[in-house]
Amino acid sequence: MNFFNLSLNELEELIITCNMRRYNAKQLFQWIYQKNIVSFDEMTNIKKEDRIKLSQILSLDFMNNYETFISPDETVKFKFKLKDESFVESVLIPEKDRNTLCISTQIGCPLACRFCRTGTMGFKRNLDTGEITGQILAVKKYLIEKNEKITNIVYMGMGEPLLNFENTIKSIDILKNDYAFAMSDRRITVSTAGIVDKIVELGEKTGVNLAISLHAPDQEKRLEIMPVTSAKYPFEKLVEALTKYPVPSRKRILIEYIMLKGVNDSEKDAYKLAKTANKLRAKVNIIPFNTFDTAPFEKSSDRQIEKFRDILISKNITAIIRKSRGSEEYAACGQLASF
Ligand code: SAH
């Protein structure tokens, strides 16, 4: 069994059935996630015979096989090679007072949103829990050498987290665990294209912040740019689910909205979006479209983007234009893909 696929509870169960003590599981978690020791031999507070037993039942396949691509703006893309020879990507976004890591949950994506490069590679498979937390552990190690640490995690890389629900939840559980990453749920954000039947459950089970890739002010326009998702989960149903999301105190739902020239960037679209944002008490992140070779859209002009933002602000909505990072290395939003 791969250690990295187990929650603390699952590891405890396993360890008890092997006639060891429950607290050995916590020790293992601390060695691996906190002290970065990934060999049983070095776990000196565990009895020698137990270490041998552990090495017989658990494998420690650490995700250390990766390449980095550093953009001029210091964004770092990590391209991991997995055991089955497939690739997955994460992006580290350093800012003045924080280091945000954007992680992936699937190889490819089945939703095929028309503005997203990941969608063009199709769906390959779900990542397992260890492949999700492995991205975090590897980047954590990378940063330790630079005397830095990860401060925020966003599930906004390749794939749709809510279509890999069990592994997403389990990875968050490990992230939050005091014996592992001990990260506050306030610093974790999951972004979804709108898998309506899992939205509330995500909030109830994890307490994380929610970002919704809305990108359109109504069903008709959303269907045009996010055909797979919107056909199955219509706009009205989505908004209804979002109103039920248990938003952490002092936090807001985040609406993500890509600006596509002549498609969803008119003044009328802005006024319509404002209504939904107000209903949800959500803030809006306006995302300039990051292009890629086969993209069927163009980016809205800066003037149009600013006008759009000002309309939202005039309706009392917190709206900011997301600065695009990492596009030189194909590390920006919606550009992750490995063919
Ligand atoms: N499937 C989830 C998680 C991926 S998040 C979701 O859709 O939310 C990836 C984010 O990048 C989403 O907000 C997505 O809409 C945005 N994005 C995708 N393609 C983009 C592009 N070409 N330019 C800018 N943002 C893009």
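Counting starts at 1 for both ligands and their atoms, in listed order.
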Q) Does the N or O separation between F115 and ligand 1 drop below 3.5 Å for any pair? A) yes
Q. Nearest to atom 21 (C) of ligand 1, what protein heavy atom do you find, and at what distance?
A. C333 O, 3.4 Å
Q. Under 4.0 Å from any heavy atom of C116, which atoms of ligand 1 are there?
A. 18 (C), 19 (N)
Q) Is the shortest distance from a Lys or Arg side-chain nitrogen in K170 or E10 to a carboxylate oxygen in the other one below 4.0 Å? A) yes
Q.
Please verify the inter-ring angle class for F115 with H215; under 30° counts as parallel, over 60° as perpendicular, anything in between as tilted.
A. perpendicular
Q | Nitrogen or oxygen of S191 less than 3.5 angstrom from that of ligand 1 | A | yes
Q. Is it the side chain, the backbone, both or neither of H215 that has a heavy atom closer than 4.0 Å to ligand 1?
A. side chain
Q) Does a salt bridge link E85 with K81, judged by any charged N lying under 4.0 Å from a carboxylate O? A) yes
(Q) Quick check: N290 and ligand 1, any N/O pair under 3.5 Å apart? (A) yes
Q. With a 6.0 Å cut-off on ring centres, are Y33 and F181 close enough?
A. yes
Q | Nearest candidate to atom 12 (C) of ligand 1, where distance is taken over non-hydrogen atoms, out of P288, G119, P161, S213 | A | S213
Q. Charged N to carboxylate O under 4.0 angstrom, E67 versus K79?
A. no
Q: Look at D173 together with K205 and state whether they make a salt bridge at an N to O cut-off of under 4.0 Å.
A: no
**Q.** Distance flag, aromatic centroids of Y142 and F78, threshold under 6.0 Å
**A.** yes
Q | Closest protein heavy atom to atom 5 (S) of ligand 1, given as residue, atom name and distance to 0.1 Å | A | M156 O, 3.4 Å
(Q) Is it true that S39 and D41 share a donor-acceptor pair across their side chains at a distance under 3.5 Å? (A) no
(Q) Quick test of your reading of the model: are E256 and K283 salt-bridged, counting only N-O distances below 4.0 Å? (A) no
Q) With backbone taken as N, CA, C and O and side chain as the heavy atoms from C-beta onward, which portion of E256 lies under 4.0 Å from ligand 1: side chain, backbone, both, or neither? A) side chain
Q: Tell me whether the centres of the aromatic rings in Y23 and F29 are closer together than 6.0 Å.
A: no
Q. Contact between G159 and ligand 1, counting heavy atoms under 4.0 Å?
A. yes
Q: Below 4.0 angstrom from a heavy atom of I287, which ligand 1 atoms are there? Numbered from 1 as shown, please.
A: 24 (C), 25 (N)
Q. Is any N or O atom of R117, backbone or side chain, closer than 3.5 Å to an N or O atom of ligand 1?
A. no
**Q.** atom 18 (C) of ligand 1: the protein heavy-atom neighbour that sits closest, reported with distance to 0.1 Å
**A.** G334 CA, 3.3 Å
Q: Enumerate the atoms of ligand 1 whose separation from the nearest heavy atom of G157 is less than 4.0 angstrom.
A: 4 (C)
Q) What residue and heavy atom of the protein are closest to atom 26 (C) of ligand 1, and at what distance? A) I258 CD1, 3.3 Å
Q.
Heavy atoms only, cut-off 4.0 Å: how does L111 contact ligand 1, side chain, backbone, both, or neither?
A. neither
